[in-house]
Amino acid sequence: MNKLLIKNATLVNEGRIYASDVLIEGERIARIAPDIEAPDALVIDAAGRHLIPGMIDDQVHFREPGLTHKGTIASESRAAVAGGTTSFMEMPNVNPQTTTLDALEAKYQIAANSSVANYSFYLGATNDNLAEIKRLDPKQSCGVKVFMGSSTGNMLVDNQETLAAIFRESPVMIVTHCEDTPTIAKAEEAARAKWGENVPMGEHGRIRSDEACYKSSSMAVALAKKYGAKLHVLHLTSAKELSLFTASHDLSELKDKNITAEVCVHHLFFNEADYETQGSLIKCNPAVKSAADQQALLDAVRN
(Lines give C-alpha, C1' and ligand atoms only; values in the text may rest on other atoms or scores of the structure.)
Protein backbone atom coordinates (compact mmCIF):
# COMPACT_ATOMS: atom_id res chain seq x y z
CA MET A 1 0.00 0.00 0.00
CA ASN A 2 1.32 3.45 -0.91
CA LYS A 3 1.88 5.65 2.13
CA LEU A 4 2.30 9.41 2.30
CA LEU A 5 3.28 11.23 5.51
CA ILE A 6 2.73 14.99 5.66
CA LYS A 7 4.82 16.42 8.52
CA ASN A 8 4.62 19.70 10.44
CA ALA A 9 1.50 21.00 8.70
CA THR A 10 -0.81 23.67 10.08
CA LEU A 11 -4.13 21.83 9.87
CA VAL A 12 -7.39 23.67 9.29
CA ASN A 13 -10.20 21.23 10.02
CA GLU A 14 -13.54 21.02 11.85
CA GLY A 15 -13.36 24.53 13.25
CA ARG A 16 -9.79 24.26 14.55
CA ILE A 17 -6.32 25.40 13.42
CA TYR A 18 -3.47 23.37 14.89
CA ALA A 19 -0.09 21.79 14.13
CA SER A 20 -0.18 18.12 13.20
CA ASP A 21 1.09 15.34 10.97
CA VAL A 22 -1.18 13.43 8.58
CA LEU A 23 -0.60 9.85 7.43
CA ILE A 24 -2.28 8.73 4.21
CA GLU A 25 -2.46 5.07 3.25
CA GLY A 26 -3.64 4.39 -0.28
CA GLU A 27 -6.48 6.83 -0.93
CA ARG A 28 -7.54 7.35 2.70
CA ILE A 29 -6.34 9.35 5.69
CA ALA A 30 -5.16 6.76 8.21
CA ARG A 31 -4.08 8.97 11.09
CA ILE A 32 -3.94 12.60 12.23
CA ALA A 33 -1.59 13.20 15.18
CA PRO A 34 1.60 14.98 16.22
CA ASP A 35 4.96 13.30 15.52
CA ILE A 36 3.78 10.36 13.42
CA GLU A 37 6.55 7.93 12.43
CA ALA A 38 6.16 5.84 9.27
CA PRO A 39 9.55 4.64 7.93
CA ASP A 40 8.01 3.20 4.76
CA ALA A 41 6.12 6.38 3.80
CA LEU A 42 7.02 9.14 1.38
CA VAL A 43 7.49 12.23 3.57
CA ILE A 44 6.48 15.78 2.69
CA ASP A 45 7.63 18.51 5.07
CA ALA A 46 4.77 21.03 5.21
CA ALA A 47 6.36 23.37 7.76
CA GLY A 48 5.00 26.90 7.31
CA ARG A 49 2.13 25.65 5.13
CA HIS A 50 -1.57 25.10 5.74
CA LEU A 51 -3.26 21.77 5.04
CA ILE A 52 -7.02 21.94 4.55
CA PRO A 53 -9.71 19.53 3.36
CA GLY A 54 -10.67 19.60 -0.29
CA MET A 55 -12.97 22.53 -1.03
CA ILE A 56 -16.58 22.18 -2.20
CA ASP A 57 -17.72 24.58 -4.93
CA ASP A 58 -21.51 24.78 -4.92
CA GLN A 59 -21.88 26.85 -8.08
CA VAL A 60 -19.96 25.97 -11.22
CA HIS A 61 -20.84 26.27 -14.91
CA PHE A 62 -18.97 23.53 -16.80
CA ARG A 63 -20.90 23.99 -20.11
CA GLU A 64 -21.43 20.33 -20.95
CA PRO A 65 -23.50 19.23 -22.81
CA GLY A 66 -23.87 21.54 -25.77
CA LEU A 67 -21.33 24.29 -25.06
CA THR A 68 -18.18 22.21 -24.91
CA HIS A 69 -16.09 24.73 -26.85
CA LYS A 70 -16.13 26.66 -23.55
CA GLY A 71 -15.40 23.73 -21.24
CA THR A 72 -16.31 20.16 -20.40
CA ILE A 73 -16.90 18.22 -17.22
CA ALA A 74 -13.53 16.57 -17.85
CA SER A 75 -11.56 19.78 -18.39
CA GLU A 76 -13.21 21.83 -15.67
CA SER A 77 -13.11 19.09 -13.01
CA ARG A 78 -9.37 18.88 -13.64
CA ALA A 79 -9.08 22.63 -13.20
CA ALA A 80 -11.07 22.34 -9.97
CA VAL A 81 -8.83 19.64 -8.52
CA ALA A 82 -5.70 21.57 -9.53
CA GLY A 83 -6.96 24.42 -7.35
CA GLY A 84 -7.88 22.26 -4.36
CA THR A 85 -11.59 21.89 -5.09
CA THR A 86 -12.47 18.20 -4.84
CA SER A 87 -16.28 18.37 -5.04
CA PHE A 88 -18.48 20.48 -7.29
CA MET A 89 -22.18 21.16 -7.88
CA GLU A 90 -22.90 22.14 -11.47
CA MET A 91 -25.57 24.44 -12.86
CA PRO A 92 -28.35 23.63 -15.36
CA ASN A 93 -28.04 26.35 -18.02
CA VAL A 94 -26.39 24.17 -20.66
CA ASN A 95 -27.79 22.84 -23.94
CA PRO A 96 -30.13 21.06 -23.59
CA GLN A 97 -30.95 22.67 -20.28
CA THR A 98 -31.00 20.37 -17.27
CA THR A 99 -34.72 20.80 -16.64
CA THR A 100 -35.85 17.18 -16.91
CA LEU A 101 -34.87 14.09 -14.95
CA ASP A 102 -33.61 12.49 -18.16
CA ALA A 103 -31.29 15.45 -18.83
CA LEU A 104 -30.11 15.29 -15.23
CA GLU A 105 -29.30 11.60 -15.50
CA ALA A 106 -27.44 12.21 -18.77
CA LYS A 107 -25.11 14.59 -16.94
CA TYR A 108 -24.39 12.00 -14.28
CA GLN A 109 -23.46 9.54 -17.00
CA ILE A 110 -21.03 12.02 -18.53
CA ALA A 111 -19.47 12.73 -15.14
CA ALA A 112 -19.18 9.04 -14.27
CA ASN A 113 -16.94 8.61 -17.31
CA SER A 114 -14.97 11.85 -17.21
CA SER A 115 -14.94 13.71 -13.88
CA VAL A 116 -11.86 13.52 -11.65
CA ALA A 117 -13.69 15.19 -8.72
CA ASN A 118 -16.79 14.35 -6.71
CA TYR A 119 -19.89 15.79 -8.35
CA SER A 120 -23.55 16.61 -8.15
CA PHE A 121 -25.87 18.48 -10.49
CA TYR A 122 -28.77 20.88 -10.04
CA LEU A 123 -32.14 20.39 -11.67
CA GLY A 124 -33.17 23.67 -13.27
CA ALA A 125 -36.59 25.16 -12.64
CA THR A 126 -38.76 26.68 -15.36
CA ASN A 127 -42.25 28.10 -15.47
CA ASP A 128 -43.59 24.72 -16.59
CA ASN A 129 -41.55 21.84 -15.13
CA LEU A 130 -43.03 21.59 -11.64
CA ALA A 131 -43.95 17.94 -12.27
CA GLU A 132 -40.27 17.09 -12.84
CA ILE A 133 -39.27 18.89 -9.65
CA LYS A 134 -41.85 16.98 -7.61
CA ARG A 135 -40.56 13.66 -9.01
CA LEU A 136 -36.96 14.41 -8.04
CA ASP A 137 -35.34 11.91 -5.66
CA PRO A 138 -33.48 13.90 -2.95
CA LYS A 139 -30.56 11.50 -3.37
CA GLN A 140 -30.40 12.35 -7.07
CA SER A 141 -29.55 16.05 -6.94
CA CYS A 142 -27.93 18.70 -4.73
CA GLY A 143 -30.79 21.13 -5.34
CA VAL A 144 -33.20 22.94 -7.63
CA LYS A 145 -31.80 26.07 -9.28
CA VAL A 146 -34.28 28.92 -9.74
CA PHE A 147 -33.38 31.95 -11.83
CA MET A 148 -35.58 34.55 -10.14
CA GLY A 149 -33.89 37.10 -12.36
CA SER A 150 -32.95 36.94 -16.03
CA SER A 151 -29.21 36.42 -16.52
CA THR A 152 -28.03 34.10 -19.29
CA GLY A 153 -30.19 31.65 -21.21
CA ASN A 154 -33.97 31.61 -20.97
CA MET A 155 -34.63 29.99 -17.61
CA LEU A 156 -36.32 32.92 -15.86
CA VAL A 157 -39.05 31.76 -13.49
CA ASP A 158 -41.38 34.74 -13.13
CA ASN A 159 -44.79 33.12 -12.73
CA GLN A 160 -45.78 33.84 -9.12
CA GLU A 161 -47.94 30.74 -8.78
CA THR A 162 -45.12 28.57 -10.10
CA LEU A 163 -42.61 30.14 -7.71
CA ALA A 164 -44.89 29.49 -4.76
CA ALA A 165 -45.41 25.90 -5.88
CA ILE A 166 -41.66 25.29 -6.22
CA PHE A 167 -41.04 26.54 -2.68
CA ARG A 168 -43.96 24.47 -1.43
CA GLU A 169 -43.20 21.24 -3.30
CA SER A 170 -39.45 20.98 -3.86
CA PRO A 171 -38.05 17.86 -2.15
CA VAL A 172 -34.53 19.36 -2.09
CA MET A 173 -32.84 22.67 -1.30
CA ILE A 174 -33.72 25.58 -3.56
CA VAL A 175 -30.85 27.79 -4.73
CA THR A 176 -31.66 31.12 -6.34
CA HIS A 177 -30.22 33.78 -8.61
CA CYS A 178 -32.04 36.83 -7.24
CA GLU A 179 -32.54 39.92 -9.39
CA ASP A 180 -35.86 41.55 -10.24
CA THR A 181 -36.05 41.66 -14.03
CA PRO A 182 -38.71 44.43 -14.40
CA THR A 183 -36.63 46.73 -12.14
CA ILE A 184 -33.55 46.06 -14.27
CA ALA A 185 -35.45 46.59 -17.53
CA LYS A 186 -36.70 49.98 -16.32
CA ALA A 187 -33.16 51.03 -15.37
CA GLU A 188 -31.81 49.81 -18.74
CA GLU A 189 -34.40 51.91 -20.54
CA ALA A 190 -33.43 55.00 -18.53
CA ALA A 191 -29.72 54.42 -19.18
CA ARG A 192 -30.26 54.09 -22.93
CA ALA A 193 -32.39 57.24 -22.93
CA LYS A 194 -29.43 59.07 -21.40
CA TRP A 195 -26.44 57.40 -23.09
CA GLY A 196 -27.85 55.82 -26.25
CA GLU A 197 -26.11 52.57 -27.16
CA ASN A 198 -22.86 53.67 -25.47
CA VAL A 199 -23.87 53.15 -21.86
CA PRO A 200 -20.68 53.41 -19.75
CA MET A 201 -19.55 50.15 -18.18
CA GLY A 202 -19.69 51.79 -14.76
CA GLU A 203 -23.48 51.99 -15.05
CA HIS A 204 -23.81 48.20 -14.91
CA GLY A 205 -24.03 48.08 -11.11
CA ARG A 206 -26.64 50.84 -11.11
CA ILE A 207 -28.75 49.14 -13.75
CA ARG A 208 -28.61 45.78 -11.99
CA SER A 209 -29.05 47.63 -8.73
CA ASP A 210 -29.16 46.78 -5.05
CA GLU A 211 -32.89 47.47 -5.17
CA ALA A 212 -33.36 44.90 -7.95
CA CYS A 213 -31.42 42.34 -5.94
CA TYR A 214 -33.19 43.08 -2.66
CA LYS A 215 -36.66 42.92 -4.19
CA SER A 216 -35.95 39.40 -5.50
CA SER A 217 -33.98 38.12 -2.50
CA SER A 218 -36.64 39.32 -0.05
CA MET A 219 -39.28 37.51 -2.09
CA ALA A 220 -37.25 34.28 -1.98
CA VAL A 221 -36.75 34.54 1.78
CA ALA A 222 -40.44 35.26 2.33
CA LEU A 223 -41.45 32.23 0.26
CA ALA A 224 -38.98 30.00 2.10
CA LYS A 225 -40.34 31.13 5.46
CA LYS A 226 -43.94 30.70 4.36
CA TYR A 227 -43.47 27.14 3.12
CA GLY A 228 -40.63 25.97 5.37
CA ALA A 229 -38.35 25.41 2.39
CA LYS A 230 -34.59 25.09 2.50
CA LEU A 231 -33.19 28.08 0.60
CA HIS A 232 -29.67 29.11 -0.38
CA VAL A 233 -29.36 32.53 -2.04
CA LEU A 234 -26.40 32.62 -4.38
CA HIS A 235 -23.93 35.48 -4.92
CA LEU A 236 -25.17 38.31 -2.72
CA THR A 237 -23.87 41.69 -3.90
CA SER A 238 -25.37 44.33 -1.63
CA ALA A 239 -25.44 45.49 1.97
CA LYS A 240 -29.21 45.82 1.74
CA GLU A 241 -29.66 42.10 1.07
CA LEU A 242 -27.59 41.17 4.12
CA SER A 243 -30.41 42.45 6.33
CA LEU A 244 -32.42 39.40 5.25
CA PHE A 245 -30.01 36.92 6.84
CA THR A 246 -28.74 36.14 10.32
CA ALA A 247 -25.23 35.10 11.30
CA SER A 248 -24.43 31.76 12.92
CA HIS A 249 -21.36 31.64 15.10
CA ASP A 250 -20.96 27.91 15.62
CA LEU A 251 -21.59 24.72 13.68
CA SER A 252 -24.54 23.61 15.83
CA GLU A 253 -26.45 26.77 14.88
CA LEU A 254 -25.52 26.43 11.23
CA LYS A 255 -26.79 22.85 10.97
CA ASP A 256 -30.30 23.97 11.95
CA LYS A 257 -30.58 26.86 9.47
CA ASN A 258 -33.05 26.60 6.61
CA ILE A 259 -32.05 29.88 4.94
CA THR A 260 -28.43 30.61 3.99
CA ALA A 261 -26.52 32.77 1.55
CA GLU A 262 -23.09 33.24 0.01
CA VAL A 263 -20.89 35.76 -1.76
CA CYS A 264 -18.58 35.22 -4.74
CA VAL A 265 -14.94 36.26 -4.57
CA HIS A 266 -15.17 38.90 -7.30
CA HIS A 267 -17.67 40.84 -5.21
CA LEU A 268 -15.14 40.83 -2.37
CA PHE A 269 -12.23 42.02 -4.54
CA PHE A 270 -13.89 44.68 -6.69
CA ASN A 271 -16.31 47.60 -6.50
CA GLU A 272 -17.82 50.05 -9.00
CA ALA A 273 -14.66 52.19 -9.11
CA ASP A 274 -12.86 49.26 -10.75
CA TYR A 275 -15.03 49.39 -13.89
CA GLU A 276 -12.81 52.26 -15.05
CA THR A 277 -9.73 50.01 -15.26
CA GLN A 278 -11.26 46.52 -15.53
CA GLY A 279 -14.20 47.23 -17.84
CA SER A 280 -16.02 44.13 -19.03
CA LEU A 281 -13.60 41.87 -17.13
CA ILE A 282 -15.72 42.46 -14.02
CA LYS A 283 -19.09 42.72 -15.76
CA CYS A 284 -21.22 39.96 -14.25
CA ASN A 285 -24.76 39.30 -13.08
CA PRO A 286 -25.59 40.20 -10.38
CA ALA A 287 -23.26 43.14 -10.73
CA VAL A 288 -20.26 44.41 -8.79
CA LYS A 289 -21.62 47.36 -6.81
CA SER A 290 -20.39 50.12 -4.48
CA ALA A 291 -17.40 50.19 -2.14
CA ALA A 292 -19.84 50.24 0.78
CA ASP A 293 -21.47 47.07 -0.53
CA GLN A 294 -18.06 45.45 -0.97
CA GLN A 295 -17.11 46.28 2.62
CA ALA A 296 -20.42 44.99 3.97
CA LEU A 297 -19.88 41.68 2.19
CA LEU A 298 -16.35 41.39 3.56
CA ASP A 299 -17.65 42.06 7.06
CA ALA A 300 -20.38 39.44 6.61
CA VAL A 301 -17.82 36.79 5.61
CA ARG A 302 -15.78 37.60 8.74
CA ASN A 303 -18.90 37.47 10.92
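Position 1 is the first residue of the sequence, and the numbers go up from there. Quick caveat, the model's predicted, so the values are computed rather than measured.
D21 places a side-chain N or O within donor-acceptor distance of the main-chain N or O of I36, the cut-off being under 3.5 Å. Between the side chain of S216 and the backbone N or O of C213 there is no donor-acceptor pair closer than 3.5 Å. Judged by distance alone, with hydrogens and angles left aside, the side-chain atoms of T176 form no donor-acceptor pair with the main-chain N or O of C178 at under 3.5 Å. Of the possible donor and acceptor atoms, one in the side chain of D293 sits under 3.5 Å from a partner among the backbone N and O of A239.
Every pair tested for ring-ring contact (aromatic ring centres under 6.0 Å, His included) that includes a residue from residues 257-303 fails, sequence neighbours excluded, so the list is empty. Judged as a ring-ring contact (aromatic ring centres under 6.0 Å, His included), the pairs with a partner in residues 88-116 (not counting sequence neighbours) are, in order, F62-F88, Y108-F121. The ring-ring contact (aromatic ring centres under 6.0 Å, His included) pairs that include a residue from residues 192-228 number zero, where partners must be two or more places apart or lie in different chains.
Among residues two or more places apart in sequence or in another chain, the salt bridge (Lys or Arg N to Asp or Glu O under 4.0 Å) test is passed with E203 by R206. Under the rule for a side-chain hydrogen bond (donor to acceptor under 3.5 Å, both in side chains), S209 has no partner lying at least two apart in sequence or in another chain. Residues passing the side-chain contact (heavy atoms from CB on, under 4.5 Å) test with I32 are L11, Y18, S20, V22, I29, sequence neighbours excluded. In this view, T162 and N127, V157, N159, I166 satisfy the side-chain contact (heavy atoms from CB on, under 4.5 Å) rule, not counting sequence neighbours. The salt bridge (Lys or Arg N to Asp or Glu O under 4.0 Å) search around E241 returns none, not counting sequence neighbours. Partners of R49 under the salt bridge (Lys or Arg N to Asp or Glu O under 4.0 Å) rule, at least two apart in sequence or in another chain, do not exist in this structure. Among residues two or more places apart in sequence or in another chain, the side-chain hydrogen bond (donor to acceptor under 3.5 Å, both in side chains) test is passed with Q59 by none.
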**Report entry** Stepwise side chain to side chain contact (heavy atoms under 4.5 Å, CB included) check, K145 with H177
**Finding:** CA-CA 8 Å; K145 172 65 180 289; H177 176 124; 4.0 Å; yes

Query raised in the report: Checking side chain to side chain contact (heavy atoms under 4.5 Å, CB included) for the pair L163/M148: CA distance, chi angles, key distance, verdict?
Result: CA-CA 9 Å; L163 277 174; M148 292 180 65; 4.0 Å; yes

Report task. For T237 and K289, run side-chain hydrogen bond (donor to acceptor under 3.5 Å, both in side chains): C-alpha distance rounded to whole Å, both residues' side-chain angles, the deciding distance at 0.1 Å, then the answer. Result -> CA-CA 7 Å; T237 60; K289 294 185 174 62; 2.7 Å; yes

Query - Candidate pair S290 and N271, rule side chain to side chain contact (heavy atoms under 4.5 Å, CB included), full reasoning - result: CA-CA 5 Å; S290 72; N271 63 59; 5.9 Å; no

Requested in this report: Apply side chain to side chain contact (heavy atoms under 4.5 Å, CB included) to the pair L4 and I44, showing each step before the final yes or no.
Outcome: CA-CA 8 Å; L4 175 65; I44 294 178; 3.7 Å; yes

Query raised in the report: Stepwise, does the side-chain hydrogen bond (donor to acceptor under 3.5 Å, both in side chains) test hold for H232 with E262?
Result: CA-CA 8 Å; H232 185 64; E262 69 181 44; 2.7 Å; yes

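For K7, the NZ atom is densely surrounded, since the number of other residues' heavy atoms within 6.0 Å is greater than 12. Atom NZ of K257 has more than 12 heavy atoms from other residues, nucleotides or ligands within 6.0 Å. For L67, the CG atom is densely surrounded, since the number of other residues' heavy atoms within 6.0 Å is greater than 12.
A125 approaches V146 most closely through the heavy-atom pair CB-CG2, 3.9 Å. Closest approach of A212 to I184, counting heavy atoms only: CB-CG1, 3.8 Å. Contact detail for F167 and A229: the closest heavy-atom pair is O-CB, 3.4 Å. Across all their heavy atoms, P138 and P171 have their closest contact at CG-O, 3.8 Å. L104 approaches S141 most closely through the heavy-atom pair CD2-CB, 4.1 Å. Heavy-atom minimum distance, C142 versus M173: O-CB, 4.3 Å.
Residues S280 and M201 have side chains in contact (heavy-atom distance under 4.5 Å, counting atoms from C-beta outward). The closest side-chain heavy-atom distance from T260 to L231 is not below 4.5 Å. Put simply, the side chain of K225 reaches to within 4.5 Å of the side chain of I259, judged on heavy atoms. Counting heavy atoms from C-beta outward, L242 and L236 have side chains that approach closer than 4.5 Å. In this structure, the side chains of L268 and V263 come closer than 4.5 Å at one or more pairs of heavy atoms. Taking 4.5 Å as the limit, every side-chain heavy atom of T98 sits out of range of all side-chain heavy atoms of Y122. Two residues are said to be in side-chain contact when any heavy atoms from C-beta on lie closer than 4.5 Å; S114 and S77 fail this criterion. In this structure, P286 and E179 have side chains that are in contact, with non-hydrogen atoms separated by less than 4.5 Å.
The cluster map of Ile, Leu, Val, Met, Phe, Trp and Tyr, joined by side-chain heavy atoms under 4.5 Å apart, puts M55 and L51 in different clusters. There is a path of hydrophobic side-chain contacts, each under 4.5 Å, that joins L223 to L123. Linking ILVMFWY residues whenever their side-chain heavy atoms come closer than 4.5 Å, directly or via other members, places Y119 and I110 in the same cluster.
In this structure, OG in S115 is found 12.0 Å from NZ in K107, a value given to the nearest 0.5 Å. Note that CG of N2 is 9.5 Å distant from CG of L42, once rounded to the nearest 0.5 Å. A distance of 11.5 Å separates CD in E161 from CG in L130, rounded to the nearest 0.5 Å. A distance of 9.0 Å separates CG in N8 from OG1 in T10, rounded to the nearest 0.5 Å. With rounding to the nearest 0.5 angstrom, the CD atom of E132 is 9.0 Å from the OG1 atom of T126. Rounding to the nearest 0.5 Å gives a distance of 10.0 Å between CD of E90 and OG of S120.
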Which pairs of donor and acceptor atoms, one on a side chain in residues 79-87, lie under 3.5 Å apart (sequence neighbours left out)?
| unit_1 | atom_1 | unit_2 | atom_2 | d |
| --- | --- | --- | --- | --- |
| S87 | OG | N118 | ND2 | 3.2 |

Would you be so kind as to tabulate the donor-acceptor pairs closer than 3.5 Å made by side chains of residues 295-302, with sequence neighbours excluded?
| unit_1 | atom_1 | unit_2 | atom_2 | d |
| --- | --- | --- | --- | --- |
| Q295 | NE2 | D299 | OD1 | 3.0 |
| D299 | OD1 | R302 | NH1 | 3.2 |

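Only one option out of V60, D57, D58, V175 pairs with M89 in a side chain to side chain contact (heavy atoms under 4.5 Å, CB included); it is D58.
Electrostatic pairing of D210 and K240 does not count as a salt bridge here, judged by no charged N lying under 4.0 Å from a carboxylate O. At a threshold of 4.0 Å, the pair E189-K186 does not count as salt-bridged, since none of the basic side-chain nitrogens sits closer than that to a carboxylate oxygen.
Using a 3.5 Å distance cut-off with no hydrogens or angles, the side chains of T100 and D102 do not pair a donor with an acceptor.
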